[in-house]
Amino acid sequence: METNVKLDEKLNNIYNLKTNEEYEKTEIGLNKEIVERISKEKEEPDWVLNIRLKALEFYEKLDLPNWGPDLSEIKLDDITTYIKPKNKMADKWEDVPEDIKNVFDKLGIPEAEKKSLGGVGAQYDSEMVYHRVQDELKEKGVIYTNFDTAIKEYPDLVKEYFSKAVPINDHKFIAMHYALFSGGSFVYVPKGVVLTDPLQSYFRLNSPGAGQFEHTLIIVEEGASLQFIEGCSAPGYNELNLHAGCVELFVKDNAFLRFSTIENWSKNMMNLNTKKAIVGERGKLEWIMGSFGSKVSMLYPMTILNGDYAKCEFTGISFAGSGQNLDTGIKVIHNGKHTSTVVNSKSISKDGGICTFRSNIWVKNNSVKSKLNVSCESLMLDSESRSDTIPVDLVENDDIEYAHEAKIGKISDESIFYLMSRGLSEEEALKLIVRGFAEPISKAFPIEYAVEMNRLIDLELEGTIG
Amino acid sequence: MLEIKNLYTYAEDDHGKEILKGLNLNINAGEVHVIMGPNGSGKSTLANTIFNNPRYVVSKGEILFEGEKINDLKPNEIAKKGIFMSFQIPEVIPGVTVAQFLKTAKSNITGEKINLLKFSNEVEENMEKLGIDKSYLNRELNVGFSGGEKKKNEILQLLTLNPKLAILDETDSGLDVDAIKIVSKGIKLFKNDNNAVLIITHSTKILEYLDVDYVHVLVNGKIVLSSDASLAKTIEENGYSSYMEN
């Protein structure tokens, strides 16, 4: 236990950047009245309110999942469903209130922007407080804005795509999401526009008992190209927090999207996020995921390869420490000839942490000549920790290539001894091996995120050795 | 420099059964020593015990380095004192490049921040001498390395870390001529009047390529005979059997 205390202290210093800002409004619980009030507050058109109310009906009917991690700790009646800080959205960094700015400063957000990231949107609890798109992007016709704003300014576009990838009745928490959604990012990249710099958005839950239901909708038109990075964190309050966001991605024919997430929710967060992408002919989607935080995560990004030669790549790592249950994975539907999926997943578990990776792949009858390569590697740092790989596949035709590899390993004493004989302390040796294990994943992130990831790994391993 | 006094050692997972049984050894600066012995005589145990591998436990005796007792120190502290050990089968560390590893090891051992330019010049110079291509620096440590590449990498580490005492565990590689050539070249580059080398080997082959000051015969956990290089010739001709009867 001693070591956990040390680690928590360290994380506290870095991630628990609480502020004194006041909240204009909070709502607890989920009922028709609250849903209607949120919609009114946002001055939404009726069609949006109708989706919310329909979702609420589904939410009431649907049961909690009967598989995966235990979710009984979530007290659905007590959850904070809407929080609005006292600030309006700011367009210039200087206009963002000082204490919120401090939080982002400490997390290095504007710093990342200085390194010429295309635009930064930061979601602070439920409202976007800072959002900016470089003029250049505007000229190219790229839309990058808060999702609430998009509903007002680009209603036709939003209406065409919203809830079309992830249906409102997919599962209980997505129904909850559609009833309560607030904030998130909207990106539209017109036909043929290639963005070389990544866009990034940052989500942060700051108030106790808060739920966050942001909706991210990205459309990459034919032949266009985009990289999008989302970072997520929350300070460690004692009350259990719930995150039920939703990401919908539309990658058209010959388009490219790399969607990267680095997530370090506090260790009391229930992260029940839903992500889905639809990829057109010769389109390519890359998921890059680093999951470090949360108490429980259930997250299985889904890709529908909906045209011939469509491709999907998943590169992900999760790190579960004491008390964490990270249940992640992917779902892919192959619905086209010559489609391909490459999965490279790694997990690290220590101090009784649990990592589970589920892959659920459906290769349809028409998807001849498709290629699938799934590789899952787990590293367990002690015998209390757990790691599982659960593949569930449905393959409807014989004319495909499919390789599935799962490896579970422990760090050998001889490797530690070898590195120690070269002057490294036992802890440094362990860190070097774990960072090396994670390296293929961390190098998929932009450099400042890779550095951040290595720092998170080091923090998690600090004090591991008595 | 190194003084081993009446050393008794057993393997941790084989409790109580002693492998080294009263071993004595003295190595001074400027000397090259070879320890030879038949299989199972305790050669690898000796190298591992000097480095305090947790798999081996010292039950009696002590190991002194420059007059200081080191057998309670951790392997990294022993390395910092100036002892290096080349591994017979070096560990594979995926995701860590040779360059990264050399830099990490050097800064840990010296306790100083590395002057990158100077350091990489030094390393590249050593690589050239050993006939290692520069591209090796970006390869993951020992991942997919051939036996010869691993050996070269160990010797490159020796030259880079430049210890006072180099222990070369060549227990089984004695018959591989390429490995012997690499090791002997490395020793020639490393050796000067202020440092020392201890080679642990099964065969006499390495002595054809090296000037050796002392040869010790290790049998059943004890050094039964020490002499100059000519002893190796006797062993080559007669084998270990005459010593084993003792």
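For the numbers below, each heavy atom of this structure counts, side chains included, while hydrogens, waters and symmetry mates do not. Each chain gets a letter, A, B and so on, in the order the sequences are listed, and its residues count up from 1.
For A:K311, the NZ atom is loosely surrounded, since the number of other residues' heavy atoms within 6.0 Å does not exceed 12. The environment of B:K103 atom NZ is sparse: at most 12 non-hydrogen atoms of other residues, nucleotides or ligands sit within 6.0 angstrom. Within 6.0 Å of atom CD in B:E77, more than 12 heavy atoms from other residues, nucleotides or ligands are found, so the atom counts as buried in its surroundings. Other residues, nucleotides and ligands contribute over 12 non-hydrogen atoms within 6.0 Å of the CZ atom of A:R258. Crowding of B:K191 atom NZ: a count of heavy atoms from other residues, nucleotides or ligands under 6.0 Å exceeding 12. Counted within 6.0 Å of CG on B:N24, heavy atoms from surrounding residues, nucleotides or ligands total more than 12; the atom is thus considered enclosed. More than 12 heavy atoms of other residues, nucleotides or ligands shown are found within 6.0 angstrom of CD1 on B:I114. Heavy-atom neighbours of A:K371 NZ from other residues, nucleotides or ligands within 6.0 Å: at or below the threshold of 12.
To the nearest 0.5 angstrom, B:N142 atom CG is 5.0 Å from A:Y418 atom OH. Atom CG of A:L432 is separated from atom OG1 of B:T104 by 5.5 Å, given to the nearest 0.5 angstrom. With values rounded to the nearest 0.5 angstrom, B:I50 atom CD1 is found 13.0 Å from A:S421 atom OG.
With a threshold of 4.5 angstrom between heavy atoms, A:S412 approaches chain B through side-chain atoms but not through N, CA, C or O. Contact annotation for B:P163: neither backbone nor side-chain heavy atoms come within less than 4.5 Å of a heavy atom of chain A. Interface remark: B:L161 contributes side-chain atoms only to the contact with chain A (heavy atom separation under 4.5 Å). Interface remark: A:F437 contributes backbone atoms only to the contact with chain B (heavy atom separation under 4.5 Å). Contacts between B:Q157 and chain A at a heavy-atom distance below 4.5 Å involve the side chain alone, from C-beta outward.
Between B:N76 and A:L424, the shortest heavy-atom distance links the atoms CB-O, 3.1 Å. Smallest separation of non-hydrogen atoms from B:M85 and A:R422: O-NH1, 2.7 Å. Closest of all the heavy-atom pairs between B:A79 and A:G423 is CB-N, 3.7 Å.
Ranked by heavy-atom pairs under 4.5 Å with chain A, the list B:I78, B:N52, B:I93, B:N108 is led by B:N108. Top candidate by heavy-atom pairs under 4.5 Å with chain B, chosen from A:G436, A:A438, A:A429, is A:G436. Contact count versus chain B (heavy atoms, under 4.5 Å) is highest, among A:R435, A:E428, A:K443, for A:E428.
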Determine, stepwise, if the pair B:N53 / A:E414 fulfils side chain to side chain contact (heavy atoms under 4.5 Å, CB included). CA-CA 9 Å; B:N53 185 332; A:E414 283 305 298; 3.6 Å; yes
Taking it one step at a time, do B:R55 and A:F417 satisfy side chain to side chain contact (heavy atoms under 4.5 Å, CB included)? CA-CA 10 Å; B:R55 278 198 300 150; A:F417 175 63; over 6 Å; no
